[in-house]
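Structure first, commentary second.
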Amino acid sequence: MALTASIFKADIEISDLRRHHYQPYQLTLARHPSETDERMMLRLLSFALFADPALQFTRGLSNDDEPDLWRHSLSGETELWIELGQPSEKRLRRARSKARHVVVVCYGGRRTAQWWQENQGKLSQQSWLSVIEIPEDESRALSALTQRSMQLQFTLDEDSVWVSSSSDSIAINPQWLHGEQRAQ
């Protein structure tokens, strides 16, 4: 019997001081059976980092031809393609052929450091690419906020993201390895 996705609801409030974007969102996240809470919560964090009414979650892990999140223009062109993890250079180039800007949100500690060391030479020359690393201890702390029904506040400033629930608050300090923080 095939396992089905678990459904999570997230009511989030975004206060993005960098972009002057202040808006509530009611989101539904489908967690693939092979996806961890940490990865799902990083998808939610990625949404907060680039929040926009047109930003959408995709089928993600269940479809190799889609990113984890994307944003389309009114004419249907893909403006923003967001990948989680450590994608291959080939996958990023394929993403670039479909989107104006590509963002990689890395996590996983040493795996990320090794991936960036192996790919930095080629990727750091690409103006269409932004690479963000989420420190391992912070991504694990974020996963501790996972609930089937979540109410979270995300406050973003130049250097950090504060994530608050009714019972806890954590700071996340994304490290921009490449590209502009205001990638649109």
Side chain proximity check, Y22 to L17, heavy atoms < 4.5 angstrom: yes
With sequence neighbours excluded, residues passing side-chain hydrogen bond (donor to acceptor under 3.5 Å, both in side chains) with E118: Q114
Name of the residue among V105, L84, L152, L142 meeting side-chain contact (heavy atoms from CB on, under 4.5 Å) with L45: L142
Sequence neighbours excluded, every pair satisfying salt bridge (Lys or Arg N to Asp or Glu O under 4.0 Å) that has a member inside residues 134-150: E136-R140
Single-linkage hydrophobic cluster, 4.5 Å side-chain cutoff, W176 and Y107 together: yes
Close side-chain approach of R43 and F57, heavy atoms under 4.5 Å: yes
Carboxylate-amine/guanidinium proximity below 4.0 Å for D37 and R31: yes
Residue that, paired with T78, satisfies side chain to side chain donor-acceptor pair (under 3.5 Å) out of H72, R100, E66, H101: H72
Minimum side-chain heavy-atom gap T58-P67 below 4.5 Å: yes
Remaining members of hydrophobic cluster (4.5 Å side-chain criterion), W128: W70, W81, L92, V102, V104, W115, W116, L123, L129, V131, L177
Heavy-atom closest pair, residues R18 and E158: CG-OE2, 3.7 Å
Closest contact, heavy atoms only, P174 versus I132: CB-CG2, 3.6 Å
Over all atoms of both residues, closest heavy-atom pair of K9 and T28: NZ-OG1, 3.1 Å
Closest non-hydrogen atom pair between Q23 and P53, with its separation: NE2-CG, 3.9 Å
Nearest non-hydrogen partners of S73 and E79, listed with the distance: CB-OE2, 3.3 Å
Beyond-backbone contact of D52 with L80, side-chain heavy atoms, under 4.5 angstrom: no
